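Per chain, numbering begins at 1; letters A, B, ... match sequence-line order. Since the structure is predicted, the reported quantities are computational estimates derived from the model, not experimental observations.
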Amino acid sequence: MKISIKKPSDFNFRRTVLSHGWCVLPPFEFDKIRWTLVRVLDAAPRPVTVKISAASSTIKVSTSRSLTRKAAGNILRDVRHMLRLDDNLLPFYQAVLADPKFEWIAHEGAGRLLRSPTVFEDLVKMICTTNCSWALTEKMVQALVNELGREADDGCKSFPTAEAMAEHPEKFFRDRIRAGYRAPYLRELAERVASGALNVESWLQSELPHNELMKELKSVKGVGNYAAENLLKLIGRYDGLALDSWIRTRFARTRNQGRAVSDKKISRFYSRFDSWRGLVLWCDMTRDWLDPENVGKW
DNA sequence: GCGTCCAGGTCTACC
DNA sequence: GGTAGACCTGGACGC
């Protein structure tokens, strides 16, 4: 089944897909030859694999089987959500156009950060990125999908639900997922979400100010400043810089002649962009990711 | 092949 | 409020 979605005029498919590492973290797959994003999405009565690519004025979505009107509507909603098609980046582009160093961001339509269909999936993945190499993150997420995901008709699997994760003891996350000390954190998060004690999807509509929402995010065990600020970016809030070792090294190299730099200095550098500073920083640090020699390197 | 060291972000205990 | 040490894994390195 094929679905077409009209592209927003300022939308850049490639910049969105390669906006960060999510596109290669299961169940996402990135086909760099065909420039296609593939993943399994939940649908009734069973999950479906979708392939997403771009034409000149539309985004093309093909599904591994035909769908009811309602299921197709849900897939459409998920794709719009993942690609941030309904985000209004006009104020962001106006802000960067005022500075010659950053006007390329508006000209290229960068700034839409790929996200998962649910905040829960993004949150679990974010915890799996903390305090470890990217290779280990991939291993943990792959194990979650393999062990607990639901199978689509082509054999590919979806990301597990909180309910599926909550059915397993801490030992499972330690031994089978190789989550190490994160095992109790994942178990507790899944249990809180599955029981309804914590509604992470409501963060998308939250009107809480930055600091208060940060406090709520950090109430989740395993989520500190880095993970919370990164998750906020996926929710659409860019006040936080989400500094980690990679960004510090990258900033030192690209903006400070290779010399180590304090977090305060990085913060000052982007402060003029106010509530967009986190997004400007991320675009600035990843500007060369679309260069042919870098595509598919991670 | 084995042992040791190190990087990575968060939590907790302590000052 | 700030800081030190523990948490766990896998890769790099030396022997």
- Please state how far atom CZ in A/Phe173 lies from atom P in C/dC7, giving the value in whole angstrom units. 22 Å

- Task: Just call it for A/Ala227: base, sugar-phosphate, or nothing, with non-hydrogen atoms closer than 4.0 Å on any strand.
- Result: sugar-phosphate

- Query: Picking from B/dG9, B/dC11, C/dG10, which would you name as closest to the side chain of A/Lys139?
  - Reply: C/dG10

- Task: Measure centre to centre between the rings of A/Trp22 and A/Phe28, then say whether the value is under 6.0 Å.
- Result: no

- Query: Taking NZ, NE, NH1 and NH2 as the nitrogens, is one of them in A/Asp122 or A/Lys233 under 4.0 Å from a carboxylate oxygen of the other?
  - Reply: no

- Message: Rounded to whole Å, please give me the gap between CZ in A/Arg178 and C1' in B/dG8.
- Response: 17 Å

- Between P of B/dG8 and CE of A/Met140, the distance in whole Å: 15 Å

- Note on the structure: A/Arg248 atom CZ is separated from B/dG8 atom P, nearest whole Å, by 9 Å

- Message: Heavy-atom nearest nucleotide on DNA chain C for A/Ala135 versus A/Tyr181: which residue maps closer to 5'?
- Response: A/Tyr181

- Task: Please tell me which of A/Lys221 and A/Trp246 maps to the more 5' nucleotide of DNA chain B, matching each residue to the nucleotide holding its nearest heavy atom.
- Result: A/Trp246

- Could you check whether A/Ser133 gets within reach of a base, just the sugar-phosphate, or nothing at all, counting any heavy atom under 4.0 Å? nothing

- Item | For atom CD of A/Gln142 and atom P of C/dG10, their distance in whole Å | 14 Å

- Query: With the threshold set at 4.0 Å, does a side-chain nitrogen-carboxylate oxygen contact exist between A/Arg272 and A/Asp99?
  - Reply: yes

- Message: Between A/Thr249 and A/Val223, which residue's closest nucleotide on DNA chain B lies nearer the 5′ terminus?
- Response: A/Thr249

- Query: Taking OP1 and OP2 of B/dT10, is either one under 4.0 Å from a side-chain nitrogen or oxygen of A/Thr130?
  - Reply: no

- Query: What residue among A/His81, A/Arg80, A/Arg77 forms side-chain hydrogen bond (donor to acceptor under 3.5 Å, both in side chains) with A/Asp86?
  - Reply: A/Arg80

- Distance in angstrom units between A/Leu136 CG and B/dG9 C1', rounded: 13 Å

- Query: What is the distance from CG of A/Asn131 to P of C/dG5, rounded to the nearest Å?
  - Reply: 17 Å

- Task: Mind running side-chain hydrogen bond (donor to acceptor under 3.5 Å, both in side chains) on A/Thr49 and A/Asp154 for me, showing each step along the way?
- Result: CA-CA 7 Å; A/Thr49 299; A/Asp154 59 359; 2.7 Å; yes

- Distance, rounded to the nearest Å, where A/Arg182 contributes CZ and B/dC11 contributes P: 12 Å

- Message: Mind checking if A/Lys218 touches a base, just sugar-phosphate, or nothing, with heavy atoms under 4.0 Å?
- Response: nothing

- Message: Can you see if the side chain of A/Thr129 gets near the phosphate of B/dG9 - specifically, an N or O under 4.0 Å from OP1 or OP2?
- Response: no

